[in-house]
A.B. asks: 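The structure is given below, and queries will be raised subsequently.
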Amino acid sequence: MSGAELDAQKQVPIRRDTGTSATSNPTHQASSDQGLPPNENSPLESPASTGRSYGTLPGQRRIFSKASIVRRNLSQLSIVNSLQRVRSNSLVNVPSTFRDISFARFNTRPISTYDEPLHTNNGEAPDADAKVNGIRVWYTSFTSIDWLHDAIKNSARFSKLRRRKSIRSRIRLSFDRSLGWIIVTIVGFLTALVAFMVVRSEQLLFDLKEGYCFRSWWKAKRFCCPQLVDNDFIRTSINNPLADLCPAWRTWSAAFVSDHNNEDSAMEYVFYTCIALLLALVSCLLTIYLTASTTFTTRKEMPTLVDSNSGSKSSKVIQEPKRKEMYYAAGSGIPEIKTILSGFVIHGYLGGRTLFTKSVGLALAVASGLSLGKEGPFVHIASCVGNIVSRFATKYENNEAKRREILSAACAAGVAVAFGAPIGGTLFSLEEVSYFFPPKVMWRSFFCAMIAAITLKVLDPFGTGKLVLFQVTYDKDWHAWELVPFVILAIFGGLYGAYFSKLNYQWSKHVRDKTFLATHPILEVLLASYWSHMRYITFFTSIFCFLNPYTRMGGTELIYNLFAGCHTGSGNTHSGLCIVNPGSFQHIWPVIRSISVAMVVKACLTIITFGIKLPAGIFIPTLGVGACAGRIMGIAMQWLQMRNPESPFFQACGNNMDCIIPGLYAMVGAAAALSGVTRTTVSLAVIMFELTDTLTYAVPVMLSVLVAKTVADALEPKGIYDLVIELNELPYLDSKHEYLWGNLQINDMISRDAEVIRLDRKNTVESLKTQLVSLTSSGADDGGFPILRNDDDEDFRMVGYIGANELDHALSLVSNDTENEIHFHTAYYHQLASSSFSSLPEPSHVTLPVDPFDFTPYMDQAPLTLANNSPMELVHQIFVKLGARYVIITDTKGLYEGVIDKKTWLAFLSDFEEKNHE
């Protein structure tokens, strides 16, 4: 029979290229088990590598057409090579152990089950909007989601629920409405649980560098010696060594030397350094070998075209450069979360394997003593929890736009458990990471953050009843004249934030990525060989941490002591920061010198260590640097007040010699430094209010945050997260950035020579395959094909648009019938438009024959269209505000001119920015 042959009895097309019919029958199942080519439902294979990439931007489209502007092929842009995606065949050289870790249920899912079938067994009419908008297959990695399609899809789903009037349907509708609240409740609870385990593990491992609890080895020092805890931290002195005050805790030297009075400091240093290196090594190994981007795959990726003659992978596929390897558990994860929430897909980044590696690796990395924090990665961990939980509900699993509502709420929970600040977490999600944040998402984010904070409060990870270890409360007010030193601290924070971002960017770009460190990430982290640069980072970190009491502290402990107020009569000097005679220069100078050394060391080490292949954040190191500067300023102001009590400057203090709180200056400096680095404002100020449990110091914090951001923006427009996005070349469309278009018009950048499907020509399976290979080989696999009809000899009108993924899937079903003609209609649909053949009705329910060569169900019959004389700002706002994946450009008569997809627009903006900076 012909290529359009149907099974006469079942009237279902035969997918002969895969050796499987569209229906599931025992004969085909048996044949698949006997070694024949796999079908849609067969387990994911690991075929030989074809060099497929993450997905690039179109390589042949023009950016500017004016002669005065330099033209560059999109494949030559720096951002183009970044938007590559790894196909399933990237696992060819990966041990099977790592492949098996992936979720089995996703490895066996049919590739095209993103949308529900238009026709159902109960005979309900399909939704008109869904019919016109077309069927979509799963988004692939580093492609953009279609916000408009997902909104239409959710509207159609909800309308179908509301049309049903039975009691069962009404119960189901009520459950559907409350499902989002149920999911964010679970996410908040699980996020707090994971945070509790990470904090407890980090405490144990950090103290393990100095010794262990003899009676209960699994306890950290603060739980092994609760009788020594004064205001949250272990208090010891030279006259009262820890061995005498707490016999249950043994240092490593005491474990090997019987005489406690002759403990060997050199032995303590050796154990301290070796254990620190071991912890960092294990964390690095987990990150590299469990979360490398090449070890992730999913059935949601596009199918690979098969040569119609030999059944092998088509030789027409052009080899593409691969994107540089990513390690999903490395770093804080916030830049990647921003990219995902903006509408791009990175499969595996929020999966279970990444969650496990990030959690375990984070505890190990922070405990190693490197100048890194764990607060930022909590946002990534919470997002992983939110993504995994949402998978159990098809409402969110099958709608990427809806799932991002859960991820926004999860980000708020991550900040809530990191700082004990549920309100600040909600605002952080709104201000920093979320792209789409309607009121409904804000309410759920606030609720999720509240659940996480309550759960963590009950679990009590620090044994103090506090959510974070550096929560402090001050009992004095601030004075108007203190605004002057507060502004000075704010300027310092802005300067530090700008130059830290610049130096870290330059280090990562020119040293980490362009030397042997790029190919030896393990050597970058530990003392593995002489050529490992990171050996010296960890080695010198260990030296400074051992010799300087303030650098030897953990980041959280240091911040607590710097924030802490000094109370007369208290025996806790907070590691010498509470000076007995603050009016004596001889007493304050050693403290200032030690704090200054700690500040410089931590600042320099953070520049080098931020970005290494470890789970690590930037919050705690930055707060530590700012707090050091603030404490120095506070001690200096206290000294001036003690030396000049009659000065008009200090008249507000009267005879009160304790009117200046050095800890308050530390808090203001910390807020200023963090604002300078991350460029957050409102959320950071609220987090500080929640940390101090008062609004008394709202004005100093607000002032420092705003001044620091202003100074930092003047020196470096981009914060650290935006620079990381630029460095990693992530496909992020910044909704906050403003562009000056000048005289640019749409006609200057649209691609008129893009691949199109013309209905006046015969479109066969083979010809469309050739066009699809040409499109994807140019890096435009996130794009698609405008479908045109010919009105006149040179005039074409739009009929519709079909995405590359959808066309690839449709062709894979009929790829053996290469000479058969493919049809597109504007008002016809059928049951082949279902998400997958596995969801088609049984043969007894089929009343009409299915034409597998009619691709109308995959076609968007009403694509978003703009006239070619539209302002450039309008195009930008359509991509930013509407979340469009592509825009069709027509002339004033409605005739087709060209197409702009989201990645093409990103490449255009990148080239436009480079031109403006020249």
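In what follows, residues are counted from 1 in the order of the sequence shown.
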A.B. asks: Which heavy atom of Ser508 sits nearest a heavy atom of Phe610, and at what distance?
C.D. replies: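 That closest heavy-atom pairing would be OG-O, 4.4 Å.
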A.B. asks: For Met859 and Ile787, what are the C-alpha separation, side-chain angles and deciding distance, and is it a side chain to side chain contact (heavy atoms under 4.5 Å, CB included)?
C.D. replies: CA-CA 9 Å; Met859 181 177 68; Ile787 302 171; 3.3 Å; yes
A.B. asks: Going by side-chain contact (heavy atoms from CB on, under 4.5 Å), Val415 matches just one of Ile687, Leu427, Val433, Ile423. Which one?
C.D. replies: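 Exactly one pass, corresponding to Ile687.
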A.B. asks: How far apart are the closest heavy atoms of Ser144 and Arg885, and which atoms are they?
C.D. replies: O-NE, 2.9 Å
A.B. asks: Mind listing the closest non-hydrogen atom pair of Tyr721 and Ser332 along with its distance?
C.D. replies: CE2-OG, 4.0 Å
A.B. asks: Look only at the side chain of Lys903 and the backbone of Pro731, and say whether a donor-acceptor pair between them is shorter than 3.5 Å.
C.D. replies: no
A.B. asks: State, without any angle test, whether Ser429 and Ser408 hold a side-chain donor-acceptor pair at a distance under 3.5 Å.
C.D. replies: no
A.B. asks: According to ring pair (Phe, Tyr, Trp, His ring centres under 6.0 Å), who are the partners of Tyr349, at least two apart in sequence or on a separate chain?
C.D. replies: Tyr328, His380
A.B. asks: Evaluate Phe619 against Thr678 for side chain to side chain contact (heavy atoms under 4.5 Å, CB included), listing each step before the verdict.
C.D. replies: CA-CA 9 Å; Phe619 280 20; Thr678 64; 4.1 Å; yes
A.B. asks: With Asp734, which residues qualify under salt bridge (charged side-chain N to carboxylate O under 4.0 Å, His left out), at least two apart?
C.D. replies: none
A.B. asks: So, using ring pair (Phe, Tyr, Trp, His ring centres under 6.0 Å) as the criterion, who are the partners of Trp443 when residues are at least two apart?
C.D. replies: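 For Trp443, no residue satisfies ring pair (Phe, Tyr, Trp, His ring centres under 6.0 Å) once neighbours in sequence are set aside.
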A.B. asks: Under the rule for salt bridge (charged side-chain N to carboxylate O under 4.0 Å, His left out), what residues qualify as partners of Lys502, not counting sequence neighbours?
C.D. replies: Glu716
A.B. asks: Tell me, please, which residues at least two apart from Gln506 pass side chain to side chain contact (heavy atoms under 4.5 Å, CB included).
C.D. replies: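 Applying side chain to side chain contact (heavy atoms under 4.5 Å, CB included) to Gln506 gives His510.
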A.B. asks: Kindly write out the residues that satisfy ring pair (Phe, Tyr, Trp, His ring centres under 6.0 Å) with Phe447, not counting sequence neighbours, or none if the list is empty.
C.D. replies: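 Trp181.
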A.B. asks: Assign the ring pair Phe912 / Trp741 to parallel, tilted or perpendicular, where the plane angle (0 to 90°) is split at 30° and 60°.
C.D. replies: parallel
A.B. asks: Please list, chain by chain and in numerical order, all residues satisfying salt bridge (charged side-chain N to carboxylate O under 4.0 Å, His left out) with Asp713, sequence neighbours excluded.
C.D. replies: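 Per chain and number, Asp713 pairs via salt bridge (charged side-chain N to carboxylate O under 4.0 Å, His left out) with Arg679, Lys709.
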A.B. asks: Checking Asp748 side chain against Gln745 main chain: does a donor-acceptor pair fall under 3.5 Å?
C.D. replies: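 It does hold such a pair.
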A.B. asks: For Leu882, give me all partners under side chain to side chain contact (heavy atoms under 4.5 Å, CB included), at least two apart in sequence or on another chain.
C.D. replies: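 With sequence neighbours excluded, Leu882 shows a side chain to side chain contact (heavy atoms under 4.5 Å, CB included) to Leu148, Leu864, Ile878, given in chain and number order.
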A.B. asks: Tell me, which pairs form a salt bridge (Lys or Arg N to Asp or Glu O under 4.0 Å) where one or both residues lie in residues 331-341, sequence neighbours left out?
C.D. replies: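 Every salt bridge (Lys or Arg N to Asp or Glu O under 4.0 Å) pair that includes a residue of residues 331-341, provided the two are not neighbours, is Lys338-Glu432, Lys338-Asp722.
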A.B. asks: Once side chain to side chain donor-acceptor pair (under 3.5 Å) is applied, do any residues pair with Arg177, and if so which ones, sequence neighbours excluded?
C.D. replies: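 Result, side chain to side chain donor-acceptor pair (under 3.5 Å) vs Arg177: none returned.
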A.B. asks: Ignoring hydrogens and geometry, is there a side-chain-to-backbone donor-acceptor pair from Thr904 to Ile900 under 3.5 Å?
C.D. replies: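 No; judged by distance alone, with no hydrogens or angles, the pair does not exist.
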A.B. asks: Backbone N or O of Asp176 within a donor-acceptor pair of the Lys395 side chain at under 3.5 Å?
C.D. replies: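 Yes, the answer is positive, given that a donor and an acceptor are paired below the 3.5 Å cut-off.
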A.B. asks: Who are the side chain to side chain contact (heavy atoms under 4.5 Å, CB included) partners of Met442, not counting sequence neighbours?
C.D. replies: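 Met442 satisfies side chain to side chain contact (heavy atoms under 4.5 Å, CB included) with Thr426, Phe437 once adjacent residues are dropped.
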A.B. asks: Mind checking side chain to side chain contact (heavy atoms under 4.5 Å, CB included) for Ala413 and listing every partner two or more places apart, or none if nothing turns up?
C.D. replies: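 Side chain to side chain contact (heavy atoms under 4.5 Å, CB included) check on Ala413 returns Thr191, Cys448, Ala452.
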A.B. asks: Closer than 3.5 angstrom, by distance alone: can the side chain of Thr143 be matched with the main-chain N or O of Tyr139 as a donor-acceptor pair?
C.D. replies: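 The answer is no, because no donor-acceptor pair under 3.5 Å joins these two groups.
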A.B. asks: Knowing that exactly one of Val385, Ile388, Leu355, Ile337 qualifies, which makes a side-chain contact (heavy atoms from CB on, under 4.5 Å) with Leu350?
C.D. replies: Ile337
